[in-house]
Structures are given as structure tokens and as C-alpha cells.
There are 2 protein chains.
Amino acid sequence: MTTTQERGEGLDDLPYNVFAKACPSRGTLEHVTGRWGGLTLGALYEGSLRFNELRRRVDGVSEKMLSQTLHALERDGLVHREAQPTNPPRVDYELTPLGRGIAERLLDLIHFVEGRMDDVLAARERYDETRGAR
Amino acid sequence: MTTTQERGEGLDDLPYNVFAKACPSRGTLEHVTGRWGGLTLGALYEGSLRFNELRRRVDGVSEKMLSQTLHALERDGLVHREAQPTNPPRVDYELTPLGRGIAERLLDLIHFVEGRMDDVLAARERYDETRGAR
DNA sequence: CGGCATCCCTGAGGATACTG
DNA sequence: CAGTATCCTCAGGGATGCCG
């Protein structure tokens with residue numbers, strides 16, 4: 001028996017539904033919106049970048065996490081990895097068309113948030129002062 | 001001296017830049033795109049919901065995490081909490097105008113991802129089979 | 001340069017019990 | 001119903017070292 005929960009309560013009629021725990025789209029969304037995934041996609045939106053360039057762009061990411069993030073994005077088909085067998089090695093990462101579509105929407109969100117930070121910060125102050133910064 | 005890193009390499013000229021480690025927008029973006037934040041905002045987009053309704057919508061979220069998530073979103077001014085002092089208590093959560101703006105963009109992203117899951121799944125199979133599912 | 005392997009620790013987050 | 005308080009686990013993620 002299909003419950004409304006499994007179908008997503010009419011949010012949409014797509015075969016995939018992020019709100020359901022078991023849906024694979026949830027995993028991909030987490031890769032995309034995860035701590036480093038979003039910033040990585042955003043950084044690559046401007047053009048292809050090498051590993052260490054990327055690392056400098058995404059301020060604070062460790063080598064390990066960037067590597068791990070890139071693998072997940074590559075596996076999901078959002079990022080293409082192009083390795084040149086030169087010495088020293090040169091590896092470029094770039095968005096796939098699918099990755100571009102996602103990055104676009106992500107950047108839309110990011111820019112919107114950045115543009116509203118003054119409101120957010122003001123809301124925080126009001127909240128903290130009302131509730132005694134508990 | 002201001003480096004390109006601090007300014008975000010020309011991605012935008014806003015005073016806030018998610019790519020910088022210390023920028024407060026990074027924190028808010030994480031609330032919004034975090035494991036439960038995004039799903040919570042998405043669920044509230046359809047209309048106000050009570051605590052346990054929300055809990056059922058966001059499949060898999062624990063009581064504690066939902067509570068915590070809602071507090072963060074309320075503090076950032078994205079969600080409004082309306083408590084009625086009845087018995088039993090009734091508390092409704094709804095998006096603020098700012099929260100709506102964010103949720104809209106987030107749902108845009110979510111629906112895009114859901115709509116492309118077949119591509120993602122296909123890419124995964126190709127990846128796993130090439131690299132031996134290591 | 002572009003990684004992978006390993007160790008280790010913090011904190012996100014689940015389970016449970018209790019309160020107004 | 002709508003939470004808060006505690007405990008505890010495990011995995012996210014930092015630091016370090018090594019390699020092609």
C-alpha cells in the first residue's frame with residue numbers, strides 16, 4: 001500500500017522524491033548541497049580548474065575533502081575529470097552540461113542568500129536579544 | 001592588502017562572499033542547504049505546518065534535529081514560529097517572506113535534481129563499471 | 001603537482017526518557 | 001502535542017606521511 005509519505009504528499013509527481021528517506025535523489029542533493037559540494041560546483045562554474053586552484057578557491061577545504069567531494073561529483077556525472085599524463089601531472093576539472101544546470105541553480109541560491117545577509121544578521125540580533133542569547 | 005581570494009575572484013562584488021571561510025553567509029548557506037534545513041524549508045513552502053506534521057513530511061528527521069533545525073532557521077529569520085497557548089499546545093511554523101525567496105530557489109534546485117536522476121544514476125553505473133566499483 | 005593511506009578526534013546526530 | 005535533557009555512537013573531516 002502506497003502512503004502519501006512515499007509519494008511526497010503531492011509536492012510533485014516525479015518518480016523521484018527528495019523528501020522520502022530512501023530516494024536516491026536525496027543522496028545526490030546532499031552531494032550537491034553538502035558542505036563542500038556546493039562551493040566546488042560554484043567555483044567550477046566560471047571555468048575548468050586544476051586541483052590546487054580549486055583548493056585555493058574553496059577557502060578552508062582540506063585536500064582530502066576536496067578529493068572526496070570531486071569523486072562524488074564525478075561519479076554523479078556533474079564534473080568531468082581530464083588528466084594529462086605529463087610530468088608534473090596536470091589534471092583539470094570542469095562541469096558537465098548536467099553539472100552546469102545544477103551549478104546555475106545553486107549559484108542563484110547562493111547569490112540570493114549573499115544579497116540578503118543584512119536581513120539575516122538583523123534577524124539574528126533580534127532573536128538573540130529577545131531570548132537572552134541563551 | 002586585499003587578495004582576490006578574499007573578494008571571491010570577481011564572482012560578484014557583494015559585501016558577502018560564501019567562498020571565504022569567515023563569511024557569515026557561509027553559515028546561513030549551511031543552515032539552508034544542510035541535511036535537514038533544505039528539506040524543512042521545502043516542506044514549509046506549501047504552507048504552514050505543525051511540529052509533528054513537519055516531522056512526518058521530512059522523512060527520517062529526528063525530533064531533536066528538527067527542533068534544532070527550526071531554531072536555526074527561525075534565528076536567521078527564514079521561519080516564523082506561531083505558538084498558541086492552548087491545551088494541548090499548538091505551534092505552527094511558516095516561512096517568512098525571506099524564507100520564501102530562499103525556499104523557491106532551493107525547490108528549483110531540488111526539482112531540477114529530481115528531474116535528472118536518471119542521468120545521474122546512469123553516470124554512476126558507468127563510473128562504477130569503469131573503475132571496478134572500488 | 002595531484003593525489004591516496006592512515007591515524008585520530010570532534011561533533012553531528014540518533015535513541016531514550018522526561019516535562020509542561 | 002511540542003518540545004527539552006542526556007547519553008552515546010559513529011562517521012565527517014583535519015593532520016600527517018608517502019608516492020607516481
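Numbers restart at 1 for each chain; the letters A, B, ... are given by sequence-line order, proteins then strands.
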### Message
I'd like to check A:Ile102 versus A:Leu41 (side-chain heavy atoms, cut-off strictly below 4.5 Å). Are they in contact?
### Response
yes
### Message
Could you work out, with side chain to side chain contact (heavy atoms under 4.5 Å, CB included) as the rule, every residue matching A:His71, not counting sequence neighbours?
### Response
A:Ser67, A:Glu74, B:Tyr127, B:Arg131
#### Entry: Atom pair distance, as rounded to whole Å: CG in B:Asn52 and P in D:dC1
5 Å
### Message
I'd like to check the salt bridge (Lys or Arg N to Asp or Glu O under 4.0 Å) partners of A:Asp119; sequence neighbours left out, ordered by chain and number.
### Response
A:Arg116
### Task
With sequence neighbours left out, write down each residue that passes side chain to side chain contact (heavy atoms under 4.5 Å, CB included) with A:Pro89, or none if nothing qualifies.
none
### Message
Roughly what angle, to 10°, lies between the helix axis at the start of the helix from C:dC1-D:dG20 to C:dG20-D:dC1 and the one at its end, five pairs per end?
### Response
50°
### Query
Atom CZ of A:Arg50 to atom P of C:dG3: distance rounded to whole Å?
10 Å
### Message
Is the phosphate of C:dG3 approached by A:Tyr93 (side-chain N or O, under 4.0 Å from OP1 or OP2)?
### Response
yes
### Task
Under the salt bridge (Lys or Arg N to Asp or Glu O under 4.0 Å) rule, collect the residues that match up with A:Arg90, sequence neighbours excluded.
A:Asp92
Anything under 3.5 Å between a donor and an acceptor, one on a side chain of residues 28-37 of chain A, the other on a protein residue two or more places apart or in another chain? List them.
from, atom 1, to, atom 2, distance (Å)
A:Thr28, OG1, B:Arg124, NH2, 2.9
A:His31, ND1, A:Asp76, OD2, 2.7
A:Thr33, OG1, A:Leu29, O, 2.7
A:Thr33, OG1, B:Thr33, O, 3.3

### Query
So which of residues 26-34 of chain B are in contact with DNA chain C, with a heavy-atom cut-off of under 4.0 Å?
none
### Upstream residue (5' side of DNA chain C) when A:Pro88 and A:Ser67 are each assigned their closest nucleotide
A:Pro88
### Query
Could you state the CG-P distance from B:Asp92 to D:dC1, rounded to the nearest angstrom?
14 Å
#### Entry: Residues which pass side chain to side chain donor-acceptor pair (under 3.5 Å) with B:Glu63, listed by chain and number, not counting sequence neighbours
none
### Query
In whole angstrom, what separates B:Arg55's CZ from D:dC1's P?
10 Å
### Message
Please report the distance, rounded to the nearest Å, between CG in B:Leu66 and C1' in C:dA12.
### Response
15 Å
### Query
Do the side chain of B:Arg50 and the main chain of B:Val91 share a donor and acceptor less than 3.5 angstrom apart?
no
### Query
Hey, are the side chains of B:Arg55 and B:Val61 touching, using non-hydrogen atoms and a 4.5 Å cut-off?
yes
### Message
Main chain of B:Ala20, side chain of A:Asp59: is a donor-acceptor contact present, judged purely on distance under 3.5 Å?
### Response
no
### Summary
Taken to the nearest whole Å, CD/A:Glu53 to C1'/C:dC1 is 11 Å
### Query
Listed by chain and number, what are the side chain to side chain donor-acceptor pair (under 3.5 Å) partners of A:Arg75, not counting sequence neighbours?
B:Asp128
### Flag, side chain of B:Glu114 to backbone of A:Ser25, donor-acceptor distance under 3.5 Å
no
### Task
Go along nucleotides 11-20 of chain D 5' to 3' and tag each nucleotide: B for a protein heavy atom under 4.0 Å from its base, S when only backbone or sugar atoms are that close, - otherwise.
--BBB-B--B
### Query
In residues 70-85 of chain A, what residues come within less than 4.0 Å of DNA chain D, judged by heavy atoms?
none
### Task
Check whether any side-chain heavy atom of B:Leu70 lies under 4.5 Å from a side-chain heavy atom of B:Leu54, and answer yes or no.
yes
### Message
For B:Arg105, give me all partners under side chain to side chain donor-acceptor pair (under 3.5 Å), at least two apart in sequence or on another chain.
### Response
none
### Query
What integer distance in Å separates A:Leu49:CG from C:dG2:P?
11 Å
